[in-house]
Structures are given as C-alpha cells and as structure tokens.
Amino acid sequence: MQNPELPTPSASEWKRAHEALMSSFDSVRVYYGWIDAPFGKMFLARTHRGLCLASFRRSEDALVDDLEKHELLPEKAGSELDRERRQFDEYFKGKRKRFQLPVDIRWGTAFQRQVLEAANEIRFGECECYTNVAERIGRPKAQRAVGNALGQNPVAIVIPCHRVVASGGGMGGYTGGLDVKRALMEIEGIDPADGVHERREH
Amino acid sequence: MPGKARFAEILESYQKEIYRYAFRMTGNPEDAADLLQDTFLRAFRAFPRLPKDANHRAWLYRIAHRQILNHFRSERLRGTSPIDVAADVHDANGHPDDLSETRRLARALGRVVRDLTPRQRTALLLKKYEGLPYRDVAEILGMSQENARAQVYQAMKKVRNGLKREES
C-alpha cells in the first residue's frame, strides 16, 4: 500500500525557511573568483568584512580547502568581486596606485598583522628592506620573522609585501615567485638594483 | 566533482528534505525553519572534522534528529504542545476532486502521527517517507537495525489502528 500523504510545507513556507537559512550563513560566506593578471591567474576571495585572499598559482581545489579550513563557506563569485576585480585591473594597467578595499586579515597572529600593517605603509613605487620594517615595528632583530610574516601575506599586492626587498639591493623573497615580484616592481617602476630607497617620512 | 564534497553542495542538496522532515516532525513551519538553521549551522561547524567517505545524508539527519529531540524537550519544559502535525496539506499536483480527500486523510494521519513517540515518528518518516535504508535509520536513531525495524513496525501498527479509529 502506498503511504498516505503527510502534510508538506507550502512553497511560501519553504521560500521563507530557505531565505532564513541562507542569511544565517552570511557571516561565514566567502565569495571567490579569479582575475587574469599579467603573470597568470590570480585568486581573490572576500568575506562580509573585506578581501581575505589574493594569491597566485593555486588550484581552485586547494583554495577552497583553505577557505573551508578557516570555517568559511566558499561560493563562486558573480558580481560580488566586481570592485576588487576592477581595482586590480586598474593597478595592472598602471592606473591605480592605491587600493581602496577593506581587508579581512583576522586569521594571522598579532605579530603578522603588525608586520602587514607596516608593509601597508610603503607607498606605490617605493621599497624598503626587511631591517627597516623590523625596526619600524620595534623588533629590530626580527628581520627573519618579518620575512616569514610577509610570506604569509594573505592579500598580496593590496598589502604590498612585494615592496620589501633585501638590504643589499637584492630582490629578497616572494611567496608568489620572484618573477611575479619582478613584474609588480616593473609596474611600479621600482628597481631594487638601484639600491633600497629609505622610506620617506610623509 | 573533483576531491571531496563541498559543504555548499551538501547545503544545496539536502536543505529542502531536512526542512520537510523537521516540518513533519514538528508540524510547525517556523519551528521547522529554526531547526533547519540549527541543523546546518551545527553541520557546518562539524564539517571540517567529518571523514571524507561519510554518508552526508545520514549525518545531517542525525544532527537534525538531535535538534528536534532538544526542541521537544524544551517545548515540554515550557509546557507547550509538542507537535501539531495536522497542518494543512499542500498538494500542488492534486486534482480538485482528490484534494479534499487528500487533505482529510493527511489531517487524520497528522493526528495519528502526533500520538507516536518521537523515535517511532522519526523511524516512520525516515523509512517510509524519505526512503532511507534501515542501516541509516538505525544509525540516526543510535540503535540496532533490528530495533529500528521494530520502531517502524510499531509506528505502522499504531498508524493503521489510529486511521481505523479515525474512519469509524
């Protein structure tokens, strides 16, 4: 015998429940997508707080894994990343010197955030050595830790860790690869071979 | 789909049936909506620790079942009526002539189901209405398959007797 029908939610009840469920995930939802940078594909992701990821050379799977590990709910972006895409595009064309985007870097340690905030003060077209950054945050002997913290920068380019170079005028390291660092420096007209520019006080 | 399942896909795939299950267990669309949210938010937090080969459907029902039992417990403590399954039935595909009979039967069934214990009700809904295998029903209820079969058997017996009483 077929089971007699039990009460079933109406379409409007389901719609309300679905919308409430979706909005309950707003605080953990993260939109991700990519842009074509001059040096290849670049992934972007943003939460309701701001841009939380701008990184190079990763697979979509690895990216989504990382986002899920941070207890976020990744969703492929449609127009949600339009502002970010536009600003990156302008930067790559040399038409933008400063990003105007909120960033969400809550996952780093207090030290990492301090280093990133210091790196964020280096202006377009300028560069600074690891020692200077270490001194500026009051940890003059922590150049190596500064380098590591910059290597963990989740929002490359927007926080310009590519503007931090070695003391002797060398490139220093870069998580995205030295060819990417070189390309970014070319966009900004930075030539570390000319020597490290001391950060100007503004 | 490459790699393991993504939570967004699980959310998309199962939200409607979990809502229907919560609705049929509670008989109340607002409570069911709350339970749907509680279930998926708990699932979301637990998801990173879930084994890759986990049965997502059974896992979600297990969480939903626990939430619903907690809901009944708090309703009992508040002294309010635990369920009212005799809500209206919405049969979009039904012919007008059948609708009143369908509705009447659903209401009668709702009253009968209301008298089942939560375990019997869960076993009945999962097995007979959602089509889960006994293995999953047993896992969700935290009992042996024999015990799950017994719950369904008892539930069906009560429903049959109850419907006979409703008819007379």
Side-chain angles (χ1 to χ4, degrees), chain A residues 1-34 41 43-48 52-53 57-81 106-107, chain B residues 1-4 6-8 11-12 15-16 18-20 22-25 27-30 32-41 44-45 47-48 84-92 94 98 101-110 112-113 121 124-125 127-129 131 156 159-160 163:
Chain A
M1 183 189 103
Q2 198 188 346
N3 299 312
E5 188 57 69
L6 265 174
T8 301
S10 69
S12 61
E13 284 163 349
W14 161 240
K15 187 168 178 274
R16 274 199 300 278
H18 169 72
E19 285 170 356
L21 175 65
M22 290 296 106
S23 64
S24 70
F25 278 96
D26 282 351
S27 64
V28 290
R29 187 170 289 111
V30 56
Y31 293 104
Y32 73 91
W34 47 85
K41 203 172 178 181
F43 278 103
L44 303 179
R46 83 159 173 82
T47 65
H48 67 295
C52 65
L53 198 87
R57 293 176 176 155
R58 305 175 74 184
S59 71
E60 183 177 347
D61 258 8
L63 173 92
V64 174
D65 273 346
D66 274 0
L67 294 171
E68 282 183 345
K69 275 181 202 153
H70 285 111
E71 296 198 346
L72 292 170
L73 180 63
E75 198 170 296
K76 255 183 201 164
S79 60
E80 291 86 358
L81 282 171
R106 70 186 114 147
W107 292 279
Chain B
M1 180 178 61
K4 66 176 178 128
R6 300 295 181 196
F7 188 80
L11 177 66
E12 180 64 29
Q15 53 176 281
K16 198 164 188 176
I18 294 290
Y19 178 63
R20 184 176 57 215
F23 178 89
R24 285 173 165 173
M25 285 297 285
N28 179 315
E30 283 78 30
D34 289 346
L35 288 162
L36 179 71
Q37 284 180 48
D38 292 346
T39 298
F40 275 97
L41 287 172
F44 177 68
R45 285 193 289 270
F47 184 66
D84 179 14
V85 199
D88 207 356
V89 65
H90 310 278
D91 183 3
D98 301 337
E101 177 59 17
T102 307
R103 188 170 288 162
R104 193 194 60 74
L105 189 58
R107 283 179 173 161
L109 186 60
V112 172
V113 168
R121 204 178 317 144
L124 180 78
L125 289 180
K127 181 63 198 165
K128 299 294 180 186
Y129 288 88
M156 292 292 283
V159 166
R160 269 195 296 270
L163 286 177

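Residue numbering restarts at 1 for every chain, and letters A, B, ... go by the order of the sequence lines. Note that the structure is a prediction, hence the values are computed from the model and not measured.
Remark: A:Leu21 CG to B:Ile18 CD1 distance equals 11.0 Å, nearest 0.5 Å. The line from CD of A:Glu68 to CZ of B:Phe47 is 5.0 Å long, rounded to the nearest 0.5 Å. Here the CD atom belonging to A:Glu13 is positioned 5.0 Å from the OH atom belonging to B:Tyr19, to the nearest 0.5 angstrom. Note that CZ of B:Phe7 and CG of A:Leu72 are 12.5 Å apart. Values are rounded to the nearest 0.5 Å.
By the 4.5 Å heavy-atom criterion applied to side chains, A:Leu73 and B:Arg6 are not counted as neighbours. Using a 4.5 Å heavy-atom threshold, the side chains of A:Trp14 and B:Gln15 count as touching.
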Output side-chain donor-acceptor pairs under 3.5 Å for residues 32-39 of chain B, partner residues at least two apart or in another chain, one line each.
| residue | atom | partner | partner atom | Å |
| --- | --- | --- | --- | --- |
| B:Thr39 | OG1 | B:Leu35 | O | 2.7 |

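Looking at A:Glu71, both its backbone and its side chain come within 4.5 Å of chain B, counting heavy atoms on both sides. In this structure, no portion of A:Leu67 lies under 4.5 Å from any heavy atom of chain B.
Ring geometry, A:Phe25 versus B:Phe44: the interplanar angle exceeds 60°, so the pair is classed perpendicular (tilted spans 30 to 60°).
By number of non-hydrogen pairs under 4.5 angstrom with chain A, the leading residue of B:Glu30, B:Lys16, B:Arg45 is B:Lys16.
Listed by chain and residue number, nothing satisfies the salt bridge (charged side-chain N to carboxylate O under 4.0 Å, His left out) test with A:Glu80 (two or more places apart in sequence, or in another chain).
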